[in-house]
> 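Dumping the structure here so I can ask a few things about it.
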Amino acid sequence: MRYWLMKSEPEAFGIDDLMNRPGQTEAWDGVRNYQARNMMRDEMRVGDSVFFYHSNCALPGIVGLACIAREAYPDSTDPASATAKPRWVVVDVQFVRKLARTISLTELKTWPELADMPLVRRGNRLSIMPVTPGQWNFILSLE
DNA sequence: GCCAACGTTGGC
DNA sequence: GCCAACGTTGGC
């Protein structure tokens, strides 16, 4: 059982959108970064826990919890998805709950305990990243 | 809207 | 296979 952080722009698809989906589940499509894809394809397993992060918005930060509901399969938004060699994959992500408050990026950056997270490192653009159990528990304790 | 960071593309 | 140009991400 692993822990992840997944970024999404709330204007495109936010935590409320996930909550309101049928089954509260949605395919996480559109990932076009190999590192992120490889994590989805090779490491994500059903039941893994996910921090849902809002990016590129007024208050970037962690807004909720989700889990992996289905392991990697071809991304239907990829033109090659129906061919023998799909390049991009999705996983299904299921809503768990919203946090009581947004734990903002600004706040996350203040904690030495989280200094190793790619999220708080300058220039990092990974949209999916692993979270250690220690980081996961520490962040939840901030709620 | 600006712009730094960085991944990708394509000419050579 | 190098690397400059270009496009995208995402905080501010």
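Numbers restart at 1 for each chain; the letters A, B, ... are given by sequence-line order, proteins then strands. Below, all heavy atoms of this structure are taken into account, side chains as well, without hydrogens, waters or symmetry copies. What you are looking at is a predicted structure, and each value in this text was computed from that prediction instead of being measured.
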> Quick one: list whatever passes side-chain contact (heavy atoms from CB on, under 4.5 Å) with A:Val46, sequence neighbours left out.
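Listed in chain order: A:Glu71.
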
> Provide the closest heavy-atom pair for A:Ala27 versus A:Tyr73 in the form atom of the first, atom of the second, distance.
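Closest pair (atom of A:Ala27, atom of A:Tyr73, distance): CB-OH, 3.6 Å.
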
> Just by modelled atom types, is the A:Asp75 backbone N or O under 3.5 Å from a matching donor or acceptor in the A:Asp78 side chain?
no

> Please name all residues satisfying side-chain contact (heavy atoms from CB on, under 4.5 Å) with A:Asp16, sequence neighbours left out, ordered by chain then number.
A:Met19, A:Asn20, A:Lys98

> Taking the nucleotide of DNA chain B with the closest heavy atom to each, which residue, A:Arg122 or A:Arg32, is nearer the 5' end?
A:Arg122

> Please output the side-chain donor-acceptor pairs of residues 109-119 of chain A that fall under 3.5 Å, not counting sequence neighbours, one pair per line with the distance.
{"residue": "A:Thr110", "atom": "OG1", "partner": "A:Glu107", "partner atom": "O", "Å": "2.6"}

> Which is it for A:Arg2 and A:Glu43 under the salt bridge (Lys or Arg N to Asp or Glu O under 4.0 Å) test, yes or no, and what are the steps along the way?
CA-CA 8 Å; A:Arg2 299 186 187 196; A:Glu43 298 183 50; 2.7 Å; yes

> Answer yes or no: does atom CD of A:Gln35 have more than 12 heavy-atom neighbours from other residues, nucleotides or ligands under 6.0 Å?
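No.
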
> Which pairs would a plain distance check flag for residues 122-136 of chain A, meaning a side-chain donor or acceptor within less than 3.5 Å of a matching protein atom at least two apart in sequence or in another chain?
{"residue": "A:Asn124", "atom": "OD1", "partner": "A:Leu126", "partner atom": "N", "Å": "3.0"}
{"residue": "A:Thr132", "atom": "OG1", "partner": "A:Gln135", "partner atom": "N", "Å": "3.0"}
{"residue": "A:Thr132", "atom": "OG1", "partner": "A:Gln135", "partner atom": "OE1", "Å": "3.3"}
{"residue": "A:Gln135", "atom": "OE1", "partner": "A:Thr132", "partner atom": "N", "Å": "2.9"}

> Quick one: what's the B/S/- string for nucleotides 6-12 of chain C, heavy-atom cutoff under 4.0 Å, read 5' to 3'?
-BBBBBS

> Please give the angle, rounded to 10 degrees, between the axes at the start and the end of the helix from B:dG1-C:dC12 to B:dC12-C:dG1, where five pairs define each axis.
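Angle reported: 10°, given to the nearest ten degrees.
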
